[in-house]
Amino acid sequence: MRYTQYFIPTVKETPADAEVVSHKLMLRAGMVRKVAAGIYNYLPLGLRSIRKVESIVREEMNRAGAIEILMPMVTPAELWQESRRWEQYGKELLRLKDRKDNEFCLGPTHEEVVTDIVRREVRSYRQMPLNLYQIQTKFRDEIRPRFGLMRGREFIMKDAYSFDVDEQGADIAYEKMYQAYRRIFARCGLKFRAVEADTGSIGGNWSHEFMVLADSGEDAIVSCNGCDYAANVEKAESKVVEAAEHAEARPMEKVHTPGKKSIQEVSEFLGIPVTHTVKMLVCMADNVPVAVLLRGDHDLNEIKLKKVLGCEELEMATDEQIAKATGAPVGYLGPQEARIRLVADLTVRGMRNVVVGANETDYHLKNANPDRDYVIGEYADIRNVAHGDPCPRCSGGILEMWRGIEVGHVFKLGMKYSKALNATFLDQDGKEQIVFMGCYGIGIGRTVAACIEQNHDDNGIIFPLPIAPFHCIVSAVNPKDETVSATADEIYARLQAAGVEVLYDDRDERPGVKFKDADLIGIPLRLVIGAKNLADGKVELKQRSGGEMELLAIDDAVARITSLVREALAL
RNA sequence: CGGGGAGUAGCGCAGCCUGGUAGCGCACCUGCCUUGGGAGCAGGGGGUCGCAAGUUCGAAUCUUGUCUCCCCGACCA
């Protein structure tokens, strides 16, 4: 492709509304443009990368035995009402009506639609296992879209759904997808980890997320340094350390702590480590106040708590709600004589002689102890694990914290949707059975964005070759020099003939402009043709990822580029 | 939805407090010049100041309403 006949609107200045590198660079490199909040135009360069990821995904899905279909983006309300998600999904589901006032929504995912296909067409156990997938535009009316393609409202997703006669079959399907995903992200040149995850609103009973490691990631993940345990913090179990402290209970003491509300302030003021304090939070679980006790330095895991309480909605109580529920002032809450349900984290069970609020403004209690000073009815794992915690799976392992971007998610669904939509089949004995399902998603645009998060420098993007918009950029330094342009034309043609995807920068621009643009858009291989070296019959090859510039004869350059491309695509 | 901020040329911003001429840098167009890391000179085009109502002789500027966007929290590929 000749640059002068293409469309790559690069910009020098970073648009003010971009926050993370991938978003900034995709805008600057002319890959995407925003149309509305969380809704983007894909310009040629961006689209090429997206198509590359799609091809890799398609190849690996097909290799794993999945079959491509395409479902509609606009889907009828009835299907969603059958699964009850019409009510459950909330505002993220963008609902609309047609001219006859029939209700529809833009598909945020397609369990209902695909299950509808299967319940109509699949009658016999002989038709399974079956795995159907599509690569299609989804719409979720996110509360807060951000970070460009990382969290759009409209986004391209590959979603696959497996159908099996029993759980063993479903496990095999899950494992196949898991392995396919590993291959996909490896081929995209990403540093990633598969981690145990919560199932969220999709539901089901088991799932893994594929996380690209990046500091800008929105998810916190932990991994063990001793075994292969890795999990999203939302899901990560904390190791149950049984009542470790048998310290003698000291007499309780009420201390004056004027104006000291936060755990940090109180522990500094009293000179007692935060690990010897217990904090009490109040949550509204389906509008019922519940008090939560955690060690001072621990964070509440709302997902775990939600499961323990079995509630639908969980939010932090407002100051007024707290005052009303406990009768105590915010900042000085304590579990003594609790009026509301009290749930304590497992860690709290082993703690003795702790600092807690005195339920009275400007006072805390020192050396408070369970049973003697307060009564806790329920203990549960309700905290986020922290860096340095012991591994819940092996002995001696320590958990390490990472940030990650979720690019893929595999779920073992079970019968949630097949039961709701009545997707059944007849087994060998002619008995009606419910289909076992799994579902598997990959964010295509997000994968490209995550890749940029992981591969960039001050000058721009450094694309791994398999998903780069072009393999090679050929820059003619002064295209008005006829020898230069004739040589560049020839090399361009030869590389293309060899199957290399070439962007030929034939613009009459100064070299600085061309180099800046080449670096910005991140093409892996750059071949510069300039009068000086051409006098010796040489051209210059430089890899965007670094390394020395190679001065090569034209034939050698063509051969070298061709082999570098083959090598990079060989995985 | 709660909290914070912003809407002025394609992009980045100033002007607003103290009402009267809409401005700068980049980008764009023409010409000259230049060709190894976002050159230089000269000339030029482009803005209902988010929208609506109000105050005023007069509103980008003051008032009210409204919409959109961005950032911080709960959702998710």
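Below, read A as the first sequence line, B as the second, and so on, with proteins coming before strands; counting in each chain starts at 1. Side chains are part of it too, since the values below use all heavy atoms of this structure and drop only hydrogens, waters and symmetry mates.
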(Q) Using a strict threshold of under 4.0 Å (side-chain N to carboxylate O), is an ion pair present between A:K542 and A:D519? (A)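 No, this pair does not count.
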Q) Of the nucleotides B:C70, B:G12, B:A77, which one has an atom closest to the side chain of A:K34? A) B:C70
Output a table of donor-acceptor pairs, distance under 3.5 Å, between side-chain atoms of residues 182-192 of chain A and any protein atom two or more places apart or on a different chain; print 'none' if there are none.
{"from": "A:R183", "atom 1": "NE", "to": "A:E60", "atom 2": "OE1", "distance (Å)": "2.9"}
{"from": "A:R183", "atom 1": "NE", "to": "A:E60", "atom 2": "OE2", "distance (Å)": "3.4"}
{"from": "A:R187", "atom 1": "NH1", "to": "A:E59", "atom 2": "OE1", "distance (Å)": "3.0"}
{"from": "A:R187", "atom 1": "NH1", "to": "A:E60", "atom 2": "OE2", "distance (Å)": "2.8"}
{"from": "A:R187", "atom 1": "NH2", "to": "A:E59", "atom 2": "OE1", "distance (Å)": "2.9"}

Partner of [N] by Watson-Crick or G-U wobble geometry, both contacts under 3.5 Å, or none?
N	value
B:U55	none
B:C11	B:G25
B:C69	B:G5
B:C16	none
B:G40	B:C32

**Q.** Set of side chain to side chain donor-acceptor pair (under 3.5 Å) partners for A:S55, sequence neighbours left out
**A.**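 None.
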Give one of base, sugar-phosphate or nothing for [X], where a contact means two heavy atoms less than 4.0 Å apart.
X	value
A:G38	nothing
A:E142	base
A:I143	base

Without decimals, in angstroms, what is the distance between [X] [atom1] and [N] [atom2]?
X	N	atom1	atom2	answer
A:K24	B:C70	NZ	P	15 Å
A:L300	B:A74	CG	P	11 Å
A:D17	B:U68	CG	C1'	12 Å

Q) Could a donor-acceptor pair under 3.5 angstrom be found where the side chain of A:D219 meets the base of B:C76? A) yes
Q) What about A:R151, does its side chain sit under 3.5 Å from the base of B:C76 through a donor-acceptor pair? A) yes
Ring pair (Phe, Tyr, Trp, His ring centres under 6.0 Å) partners for [X], two or more places apart:
X	answer
A:Y504	A:Y492
A:Y178	A:H208, A:F210
A:Y133	none

Q. Which nucleotides of nucleotides 2-9 of chain B have their base under 4.0 Å from a protein heavy atom (B), which only their sugar-phosphate (S), and which neither (-), written as one string 5' to 3'?
A. --------
Q. Within 45° of the ring axis of A:W86 and under 6.0 Å from its six-membered ring centre, is that where the NZ or CZ of A:R95 lies?
A. yes
Q: Would you list the pairs meeting salt bridge (charged side-chain N to carboxylate O under 4.0 Å, His left out) in which at least one residue belongs to residues 439-462 of chain A, sequence neighbours left out?
A: A:D457-A:R544
Filtered N/O pairs between nucleotides 31-38 of chain B and protein, under 3.5 Å:
{"from": "B:U34", "atom 1": "O2'", "to": "A:R510", "atom 2": "NH1", "distance (Å)": "3.1"}
{"from": "B:U34", "atom 1": "O2", "to": "A:R510", "atom 2": "NH1", "distance (Å)": "3.2"}
{"from": "B:U35", "atom 1": "O2", "to": "A:E509", "atom 2": "O", "distance (Å)": "3.4"}
{"from": "B:U35", "atom 1": "N3", "to": "A:D508", "atom 2": "OD1", "distance (Å)": "3.4"}
{"from": "B:U35", "atom 1": "O4", "to": "A:D508", "atom 2": "OD1", "distance (Å)": "3.1"}
{"from": "B:G36", "atom 1": "O6", "to": "A:E540", "atom 2": "OE2", "distance (Å)": "2.9"}
{"from": "B:G36", "atom 1": "N1", "to": "A:E540", "atom 2": "OE1", "distance (Å)": "2.8"}
{"from": "B:G36", "atom 1": "N1", "to": "A:E540", "atom 2": "OE2", "distance (Å)": "2.5"}
{"from": "B:G36", "atom 1": "N2", "to": "A:E540", "atom 2": "OE1", "distance (Å)": "2.4"}
{"from": "B:G37", "atom 1": "O6", "to": "A:R526", "atom 2": "NH1", "distance (Å)": "3.2"}
{"from": "B:G37", "atom 1": "O6", "to": "A:R526", "atom 2": "NH2", "distance (Å)": "3.1"}
{"from": "B:G37", "atom 1": "N1", "to": "A:D519", "atom 2": "OD2", "distance (Å)": "3.2"}
{"from": "B:G37", "atom 1": "N2", "to": "A:D519", "atom 2": "OD2", "distance (Å)": "2.4"}
{"from": "B:G38", "atom 1": "O2'", "to": "A:K12", "atom 2": "NZ", "distance (Å)": "3.0"}
{"from": "B:G38", "atom 1": "O6", "to": "A:R28", "atom 2": "NH2", "distance (Å)": "3.1"}
{"from": "B:G38", "atom 1": "N1", "to": "A:D517", "atom 2": "OD1", "distance (Å)": "3.1"}
{"from": "B:G38", "atom 1": "N2", "to": "A:D517", "atom 2": "OD1", "distance (Å)": "3.2"}
{"from": "B:G38", "atom 1": "N2", "to": "A:D517", "atom 2": "OD2", "distance (Å)": "3.2"}

Just list the side-chain donor-acceptor pairs under 3.5 Å for residues 9-20 of chain A, sequence neighbours left out, or say none.
{"from": "A:T10", "atom 1": "OG1", "to": "A:D517", "atom 2": "OD1", "distance (Å)": "3.0"}
{"from": "A:D17", "atom 1": "OD2", "to": "A:K34", "atom 2": "NZ", "distance (Å)": "3.2"}

